[in-house]
Student: 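Next up is a structure, given as structure tokens.
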Amino acid sequence: MARIQTTPVKGTRDYLPRELVRRNQVFQLLRETFERHGYEPLETPAIEHTAALEGKYGEEGERLLFRILKLGRDLETAERDLAANPSADRSAAALARTFSELALRYDLTVPFARVIAARQNDIVMPFRRYQMQPVWRADRPQRGRFREFYQCDVDCVGSASLTVDAEMIAIYDEVYTRLGFTDFTIHVNNRSLLNGLLEACDVEPERRVAALTAIDKLDKIGLDGVRNELMEAGLTESSVDRLMEAIGMSGAPQAMLDALKPTVGANEQGARGLRELSEVFEYVRAMGVAPEHYAFTVSMVRGLAYYTGTIYESTVAGTNLGSIGSGGRYDRLIGMFLGKDLPAVGASFGVDRIFVALDQLELMKDIPVTTTQALVTLSAETTRETFALARALRAVGVRTEVYPDPKELRAQLAFASKKSIPLAFIMKPEELARGEVTLRDLRAGEQETTPLTEAPQRALALLE
RNA sequence: GUGACCGUAGCUCAACUGGCAGAGCGUCAGAUUGUGGCUCUGAAGGUCGCGGGUUCGAGCCCCGUCGGUCACCCCA
């Protein structure tokens, strides 16, 4: 018999209990933090109309959409229509549109924007929501990059106040700190400042995308590398000099903002970016975020097309991952669905990368793995007592399982040992007849005889 | 989308310039007459990813293909 492939699809993973228990604890920590800040849960379908996703992620992003083939008759109809029209556009992009009108969600922000547009009247603004669901991207997987991964997003819609932009930084800080990260940086920048900077440095509009792409690589290729790429992009030496001065800056946010003022000069967009950042940092200080946890990083850009104001990206020292969380303000995205703009800002956490980071920094061992706490053995003559005891244990909250087969005791205890179950109740008929039971502590290798009626309390005591 | 590397037992990996396919871990049985881990003994388990080619002979060389890993692009 030919065996079908048992490894999961490229870029996806199976989660075994040991791993999933830990993952769930990270999810739980995120959920708690989000709810502490007043965010409410929301979920959306995995599948969206492709039209709802197109035009939001930029050309590169759109290429990574997982498209779903039309079904049955619709597929046949599309095929017939195409065959009947020899002049139809047969480019890959056009064919994709012809044969598919649905796609898997690419992120959580765009579906959220769609929901806001659809359900405005059911929502009290400003609306704070969190969402923790998988997203799919048809990328080539590598370290810290998957085709199916979870995003955990908090977004606030309906307020243009920069206090909310600052709140995102406070939430990033709280989550990373609670996870056990100590050496992390939340990079903060502003799209409007970047646009203004390019204008003020006389970069022609058609060269701005290339310029931003080059600037964004600073942490990877260094100042000289960026300078080279900017020159290759066709910028004038004067433009490059001025841009390099700006992106090479480091230090306290307020001092950097002051230092950028002459470069930005009278440029309106740039000045607005500086003003917004200044205000955001003021609120961040008021919220008590430690200064060493965030930085004003002029070279941080963010690829997604929909950001308009403040943008974020966070990194952890001692890992070779990219960003473990990012986000920003997107005041015009909801307008693409609604016809009128609603201001919004959000932060996204990449749980899968956070996981890799926790692993690399060996912080995982601080998260305890919980499984079954007590095993009750089974034998043909003690069935009644076994299930009665298991029920009593569960009633006081002890996670209890019964070995399903009345196999020899050796096998039952070996099973408990392999699963690291700390306690085993050994059901001996002669003891049960006296109203007693043997309770073995597998961790210590010690055992005692205890009255059946006190067994659940003894188990709790041994488990502390 | 571009490029590099790797596919041998359930897992991690050996096998000289082409010459009988191995180890550790795991699994199962026993030492152990209802008590796990530790130790010892033994056993099972492989179309060397798949297809073709070169050769007296291929796990090893060549071509193709599928799968995986890493980097670039981009990104969580």
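To find a chain, count down the sequence lines: A is the first, B the second, and so on, and within it residues start at 1. All figures in this text were calculated on a predicted structure; none of them were measured in a lab.
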Student: Given the P atoms of B:U32 and B:G37, what is the spacing between them in whole Å?
Tutor: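 Taking atom P in both B:U32 and B:G37, they lie 14 Å apart.
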Student: Does A:R105 form a salt bridge (charged side-chain N to carboxylate O under 4.0 Å, His left out) with A:D107? I'd like the steps, not just the answer.
Tutor: CA-CA 6 Å; A:R105 78 165 95 78; A:D107 72 356; over 6 Å; no
Student: I'd like the C1' distance from B:C48 over to B:C13, given in whole Å.
Tutor: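 That atom pair is separated by 14 Å.
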Student: Side chain of A:E60 only, please: which of B:G36, B:C74, B:A76 is the nearest?
Tutor: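 Of the candidates, B:C74 comes closest.
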Student: Rounded to whole Å, please give me the gap between OH in A:Y172 and P in B:A76.
Tutor: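 After rounding, the gap between these two atoms is 9 Å.
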Student: For RNA chain B, which residues of residues 206-219 of chain A approach it to below 4.0 angstrom with any heavy atom?
Tutor: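 Within residues 206-219 of chain A, the residues near RNA chain B are A:T213, A:K217.
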Student: Using the criterion of both pairing distances under 3.5 Å for Watson-Crick and G-U wobble pairs, give all stems of 3 or more consecutive pairs involving RNA chain B.
Tutor: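 Correct response: B:1-7 with B:66-72, B:10-13 with B:22-25, B:27-31 with B:39-43, B:49-53 with B:61-65.
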Student: Can a donor-acceptor pair under 3.5 Å be found between the side-chain atoms of A:R443 and the base atoms of B:G37?
Tutor: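 No, no donor-acceptor pair under 3.5 Å.
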Student: Using every non-hydrogen atom in the two residues, find where A:F337 and A:A52 come nearest and quote the distance to one decimal.
Tutor: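 Scanning both residues completely, I find the closest heavy atoms to be CZ-O, 3.4 Å.
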Student: Are A:Y130 and A:F34 near enough that their ring centres are under 6.0 Å apart?
Tutor: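 Close enough - the centres of the two rings lie under 6.0 Å apart.
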Student: Between B:U27, B:U35, B:G36, spot the one nearest the side chain of A:L409, thanks.
Tutor: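 Among the listed nucleotides, the one closest to the side chain of A:L409 is B:U35.
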Student: Measure from OH on A:Y176 to P on B:A76 and round the result to the nearest Å.
Tutor: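 Spelled out: OH on A:Y176 to P on B:A76 is 11 Å.
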Student: Which pairs with one or both residues in residues 33-44 of chain A pass salt bridge (Lys or Arg N to Asp or Glu O under 4.0 Å), sequence neighbours excluded?
Tutor: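 Every salt bridge (Lys or Arg N to Asp or Glu O under 4.0 Å) pair that includes a residue of residues 33-44 of chain A, provided the two are not neighbours, is A:R36-A:E174.
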Student: Just how far, in rounded Å, is C1' of B:C73 from CD1 of A:I221?
Tutor: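 Rounded to the whole Å, the gap is 13 Å.
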Student: Would A:R13 count as a cation-pi partner of A:F146, with NZ or CZ less than 6.0 Å from the six-membered ring centre and within 45° of the ring normal?
Tutor: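 Yes; both conditions hold, so A:R13 lies above the ring face of A:F146.
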Student: Ignoring hydrogens and angles, answer whether the base of B:U35 and the side-chain atoms of A:Q447 contain a donor-acceptor pair closer than 3.5 Å.
Tutor: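 Such a pair is found, so the answer is yes.
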Student: Hey, is A:R145 close enough to A:D352 for a salt bridge, meaning N to O under 4.0 Å?
Tutor: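 No, no charged N to carboxylate O under 4.0 Å.
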Student: Given atom CG of A:L64 and atom P of B:C73, what is their separation to the nearest angstrom?
Tutor: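 Distance check: A:L64 CG to B:C73 P gives 14 Å.
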Student: Measure from the ring centre of A:F349 to the centre of the six-membered ring in the base of B:A76, then say whether that distance is under 5.5 Å and the planes meet at under 30°.
Tutor: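 It does not: the ring fails the test against the base of B:A76.
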Student: Could you pull out all residues at least two apart from A:L42 that satisfy side chain to side chain contact (heavy atoms under 4.5 Å, CB included)?
Tutor: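 A:L42: side chain to side chain contact (heavy atoms under 4.5 Å, CB included) contacts with A:T44, A:F112, A:V115, A:F127, A:R129, A:Q131.
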Student: Can you list every side chain to side chain donor-acceptor pair (under 3.5 Å) pair that touches residues 210-224 of chain A, not counting sequence neighbours?
Tutor: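 The answer is A:K217-A:E229.
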Student: How far, in whole Å, is B:G57 from B:U17 if one measures between their C1' atoms?
Tutor: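 So the two C1' atoms sit 16 Å from each other.
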Student: State whether A:R143 places a side-chain N or O below 4.0 Å from either non-bridging phosphate oxygen (OP1 or OP2) of B:A71.
Tutor: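 Yes.
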Student: State plainly whether the residues A:E54 and A:R67 are in salt-bridge range, i.e. N to O under 4.0 Å.
Tutor: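 Result for this pair is yes, salt bridge flagged.
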Student: Name every residue in residues 31-50 of chain A that has at least one heavy atom under 4.0 Å from any atom of RNA chain B, in order of residue number, or write none if there are no such residues.
Tutor: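 Correct list: empty, so none.
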Student: Checking contacts here: which listed nucleotide (B:G68, B:C70, B:A76) is nearest the side-chain heavy atoms of A:R145?
Tutor: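 It is B:A76.
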Student: Residues of residues 421-430 of chain A with any non-hydrogen atom less than 4.0 angstrom from an atom of RNA chain B: list those, numerically ordered, please.
Tutor: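 Heavy-atom contacts with RNA chain B come from A:I426, A:M427, A:K428, A:P429, A:E430.
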Student: Which whole number of Å gives the distance between the P atom of B:C25 and that of B:G53?
Tutor: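 Approximately 41 Å lies between the P atom of B:C25 and that of B:G53.
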Student: How close or far is atom C1' of B:A76 from atom CZ of A:F184, stated in whole angstroms?
Tutor: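 For the pair A:F184 CZ and B:A76 C1', the rounded distance is 17 Å.
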Student: A:Y403: which residues meet the side-chain hydrogen bond (donor to acceptor under 3.5 Å, both in side chains) condition with it, sequence neighbours left out?
Tutor: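 With neighbours one apart ignored, the set is empty.
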Student: Say we look at B:A9 and B:C5: how far apart would their C1' atoms be, to the nearest angstrom?
Tutor: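 The answer is 24 Å between these two C1' atoms.
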Student: Side-chain N or O of A:K220 versus OP1/OP2 of B:C72: is the shortest distance under 4.0 Å?
Tutor: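 For B:C72, OP1/OP2 do have a side-chain N/O of A:K220 under 4.0 Å.
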Student: Which part of the nucleic acid, if any, lies within contact of A:Q142, taking any heavy atom under 4.0 Å across all strands shown: a base, the sugar-phosphate backbone alone, or nothing?
Tutor: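 Answer is base: heavy atoms of A:Q142 come under 4.0 Å of a base.
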Student: How do A:Q151 and A:F415 order along RNA chain B: which one's closest nucleotide is nearer the 5' end?
Tutor: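 First, find each residue's nearest nucleotide; the 5'-ward one identifies A:F415.
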Student: Just to verify, what does A:E401 make a side-chain hydrogen bond (donor to acceptor under 3.5 Å, both in side chains) with, not counting sequence neighbours?
Tutor: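 Testing A:E401 for side-chain hydrogen bond (donor to acceptor under 3.5 Å, both in side chains), a comparison that skips the adjacent residues, returns A:T372, A:K419.
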Student: Need one value for A:G322: base, sugar-phosphate or nothing, where a base atom within 4.0 Å counts as base even if backbone is also close, heavy atoms only.
Tutor: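 If one applies the 4.0 Å heavy-atom cut-off, A:G322 turns out to touch nothing in the nucleic acid.
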Student: Would you call A:E167 and A:R128 a salt bridge, using N to O less than 4.0 angstrom?
Tutor: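 The answer is yes: the pair qualifies as a salt bridge.
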Student: For the base of B:G1, is there a side-chain donor-acceptor partner from A:R140 under 3.5 Å away?
Tutor: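 Looking at the base of B:G1, it does not pair with any donor or acceptor on the side chain of A:R140 (distance under 3.5 Å).
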Student: Determine the interatomic distance between P on B:A71 and the same-named atom on B:C63; round to the nearest Å.
Tutor: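 My reading of the P atoms in B:A71 and B:C63 gives 26 Å.
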Student: Please report whether the ring centroid of A:H187 lies less than 6.0 Å from that of A:Y312.
Tutor: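 Between A:Y312 and A:H187, the centre distance exceeds or equals 6.0 Å.
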Student: With sequence neighbours excluded, tell me which residues meet side chain to side chain contact (heavy atoms under 4.5 Å, CB included) with A:S299.
Tutor: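 Partners of A:S299 by the side chain to side chain contact (heavy atoms under 4.5 Å, CB included) criterion, ordered by chain and then number, come out as A:I215, A:L218, A:I247, A:T297.
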Student: Please report the distance separating the C1' of B:C40 from the corresponding atom of B:A4, rounded so that it comes out in whole Å.
Tutor: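 48 Å, rounded to whole Å.
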Student: Check A:R22 with A:E19, please: is the shortest side-chain N to carboxylate O separation under 4.0 Å?
Tutor: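 Salt bridge between A:E19 and A:R22, a charged N being under 4.0 Å from a carboxylate O: no.
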Student: Taking the six-membered ring for Trp, are A:F355 and A:F149 ring centroids under 6.0 Å apart?
Tutor: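 Ring centroids of A:F355 and A:F149 are no less than 6.0 Å from each other.
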Student: Ignoring hydrogens, what is the shortest heavy-atom contact between A:T185 and A:A295? Give both atom names and the distance.
Tutor: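 Closest heavy-atom pair between A:T185 and A:A295: CG2-CB, 3.8 Å.
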Student: Between the base of B:U33 and the side chain of A:R410, is there any donor-acceptor pair under 3.5 Å?
Tutor: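 Such a pair does not exist between side chain and base.
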Student: Polar atom pairs between nucleotides 39-41 of chain B and protein, under 3.5 Å, N or O only, would you list them?
Tutor:
none

Student: Is the distance from OP1 or OP2 of B:A76 to the nearest side-chain N or O of A:S326 less than 4.0 Å?
Tutor: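 Checking A:S326 against B:A76: at least one side-chain N or O falls below 4.0 Å of OP1 or OP2.
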Student: Between A:G61 and A:A414, which residue's closest nucleotide on RNA chain B lies nearer the 5′ terminus?
Tutor: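 On the 5' side of the pair lies A:A414.
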Student: Which part of the nucleic acid does A:G144 contact within heavy-atom distance under 4.0 Å: base, sugar-phosphate only, or nothing?
Tutor: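 Touches a base.
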Student: Nearest to the A:S379 side chain among B:G34, B:U35, B:C75, which nucleotide is it?
Tutor: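 Between B:G34, B:U35, B:C75, the one nearest the side chain of A:S379 would be B:G34.
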Student: Salt bridge (Lys or Arg N to Asp or Glu O under 4.0 Å): which pairs involve residues 435-457 of chain A, sequence neighbours left out?
Tutor: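 Qualifying pairs: A:R434-A:E436, A:D441-A:R443, A:E448-A:R458.
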Student: Rounded to the nearest Å, what distance is computed from the CD atom of residue A:E408 to the C1' atom of nucleotide B:C28?
Tutor: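 After rounding, the gap between these two atoms is 12 Å.
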Student: Could you check if a side-chain atom of A:I324 sits within less than 4.5 angstrom of a side-chain atom of A:T315, using non-hydrogen atoms only?
Tutor: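 In short, these two side chains do not touch, never coming nearer than 4.5 Å.
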Student: Roughly how many Å apart are B:G34 and B:C38, using the P atom of each and rounding to a whole number?
Tutor: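 Result for the P pair: 23 Å, nearest Å.
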Student: In terms of side-chain heavy atoms of A:K10, which of B:U35, B:G68, B:C75 is nearest?
Tutor: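 That would be B:G68.
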